[in-house]
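Any value given below was found using the heavy atoms of this structure, including those in side chains, with hydrogens, waters and symmetry copies removed.
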Protein chains: 2
Amino acid sequence: MNVNEAIQLLKDKGYKYTGKRVDMLEFFADHDRYMTAKEVLEGMKTTYPNLSFDTIYRNLSLFADLGILETTELSGEKHFRFLCSREHHHHHFICLHCGKTKEIDTCPMISLDGELDGYTISGHKFEIYGYCNQCVH
Amino acid sequence: MNVNEAIQLLKDKGYKYTGKRVDMLEFFADHDRYMTAKEVLEGMKTTYPNLSFDTIYRNLSLFADLGILETTELSGEKHFRFLCSREHHHHHFICLHCGKTKEIDTCPMISLDGELDGYTISGHKFEIYGYCNQCVH
DNA sequence: AAGGTATTAAGAATGATTACGATTTACTCA
DNA sequence: TGAGTAAATCGTAATCATTCTTAATACCTT
């Protein structure tokens with residue numbers, strides 16, 4: 001997923017092309033890590049001093065619905081990042097300090113061996129938390 | 001973990017023995033599933049009509065700190081349940097409708113094969129979401 | 001039984017998120 | 001190209017879960 005793909009997806013779905021949406025997408029492209037709504041707002045304050053909460057939250061949730069962003073919840077706050085890949089299923093190591101991620105190709109679902117026969121599975125989450133090399137001290 | 005073990009743990013750590021704490025623990029023993037603070041509050045309102053949410057939240061977080069309860073975050077709300085076992089590491093299938101769980105013995109951390117060499121790991125989360133037999137429709 | 005301390009109730013405060021009415025902007029199609 | 005229309009945005013108020021504050025109460029030790 002990149003900015004152009006995301007903009008194309010917005011157009012295809014009939015959503016409008018606005019400078020703020022483009023800048024939000026570029027902000028995510030430039031910051032390859034999980035970020036909170038507040039961080040996005042802060043990061044865009046320089047170009048749009050009067051940007052409102054509503055715009056950020058509405059677009060974050062729109063982008064997440066469209067599969068442009070992926071989300072996770074860290075210490076009670078939603079975090080967002082550009083979706084790594086649509087094709088390739090994987091999980092993440094997440095740095096609890098800076099939000100940077102590392103892809104983990106191991107998916108535990110393939111080795112369940114019928115442990116959940118008879119249950120309806122709608123999703124799963126596998127995340128590893130810790131600190132990256134830059135953030136350990 | 002059961003009610004008596006939990007009460008003993010509270011005493012050993014110097015915490016006081018109060019009827020509300022005992023009833024909270026019994027409420028968890030009687031409801032073997034993930035519940036929100038609000039559900040616990042509602043469930044205890046019959047015996048303690050004036051129970052304040054502060055009491056609930058304070059004790060929930062105390063119990064979680066002492067390892068009496070385990071917690072997870074589902075759709076933005078903290079959920080609590082009696083800790084299944086101290087010895088035996090495992091994960092959960094969680095019913096998104098009723099909060100009931102099923103233990104999963106597969107832990108993906110053992111098959112990482114050095115994918116995270118050089119990273120400092122502080123924790124991990126593996127949960128499977130869906131619906132149990134009673135809640136599918 | 002009394003004193004010291006932990007616990008509690010009641011409500012106010014916080015922080016993240018959502019909702020709202022008014023205004024502005026982007027797209028459509030004549 | 002230029003209204004018309006629907007969506008997007010702003011500014012702010014409302015909401016929801018959770019935490020904090022203060023004063024009163026309950027538990028435990030002696």
ask   = Roughly how many Å is it from NZ in A:Lys38 to P in C:dT14, rounded to a whole number?
value = 13 Å

ask   = Taking atom P of C:dG15 as reference, at what distance in whole Å does atom CZ of A:Phe53 sit?
value = 11 Å

task = Using atom CD of A:Glu39 as one end and atom P of C:dT17 as the other, report the distance to the nearest whole Å.
result = 11 Å

ask   = Is any side-chain N or O of B:Lys11 closer than 4.0 Å to OP1 or OP2 of C:dA6?
value = no

message = Does the structure place the NZ or CZ of A:Lys11 under 6.0 Å from the centre of the six-membered ring of A:Tyr17, at an angle of no more than 45° from the ring's axis?
response = yes

message = Rounded to whole Å, please give me the gap between CG in A:Leu10 and C1' in D:dA6.
response = 16 Å

key: C:dT18 OP1/OP2 closer than 4.0 Å to side-chain N/O of A:Tyr57   = no

ask   = In terms of the nearest nucleotide of DNA chain D, which residue is placed more toward the 5' end: B:His79 or B:Lys16?
value = B:His79

request  = Before giving the answer on salt bridge (charged side-chain N to carboxylate O under 4.0 Å, His left out), spell out for B:Arg33 and B:Glu39 the whole-Å C-alpha distance, their side-chain angles and the decisive distance to 0.1 Å.
outcome  = CA-CA 11 Å; B:Arg33 58 191 189 83; B:Glu39 286 177 286; 3.2 Å; yes

query = Taking CE from A:Met44 and C1' from D:dA8, how many angstroms apart are they, rounded to a whole number?
reply = 13 Å

query = Just how far, in rounded Å, is P of D:dA8 from CE of A:Met24?
reply = 13 Å

query = Do A:Phe80 and A:Tyr34 make the cut of ring centroids closer than 6.0 angstrom?
reply = no

note = Walking DNA chain D from its 5' end, the first of A:Asn50 and A:Leu62 to be reached, judged by nearest nucleotide, is A:Leu62

key: Closest-nucleotide 5' rank along DNA chain C - winner of A:Tyr15 and A:Thr36   = A:Thr36

note = Here the distance between atom C1' of C:dA6 and atom CG of B:Asn59, to the nearest Å, is 11 Å

request  = Could you tell me whether A:Arg81 and A:Asp32 have a side-chain N and a carboxylate O separated by less than 4.0 Å?
outcome  = yes

query = Ring centroid separation for B:His124 and A:His91, is it under 6.0 angstrom?
reply = no

key: Any donor-acceptor N/O pair under 3.5 Å between D:dA8 base and A:Lys20 side chain   = no

ask   = Does OP1 or OP2 of C:dT18 have a side-chain N or O of A:Arg58 closer than 4.0 Å?
value = no

task = Report yes or no: is there a donor-acceptor pair, N or O only, under 3.5 Å between the side chain of A:Asp54 and the base of D:dC10?
result = yes

ask   = Between C:dT8 and B:Thr18, is there an OP1 or OP2 to side-chain N/O distance shorter than 4.0 Å?
value = yes

message = So for A:Lys78 and C:dT17, does any side-chain atom that can act as donor or acceptor lie under 3.5 Å from a complementary atom in the base?
response = no

query = In whole angstrom, what separates B:Asp23's CG from C:dT7's C1'?
reply = 15 Å

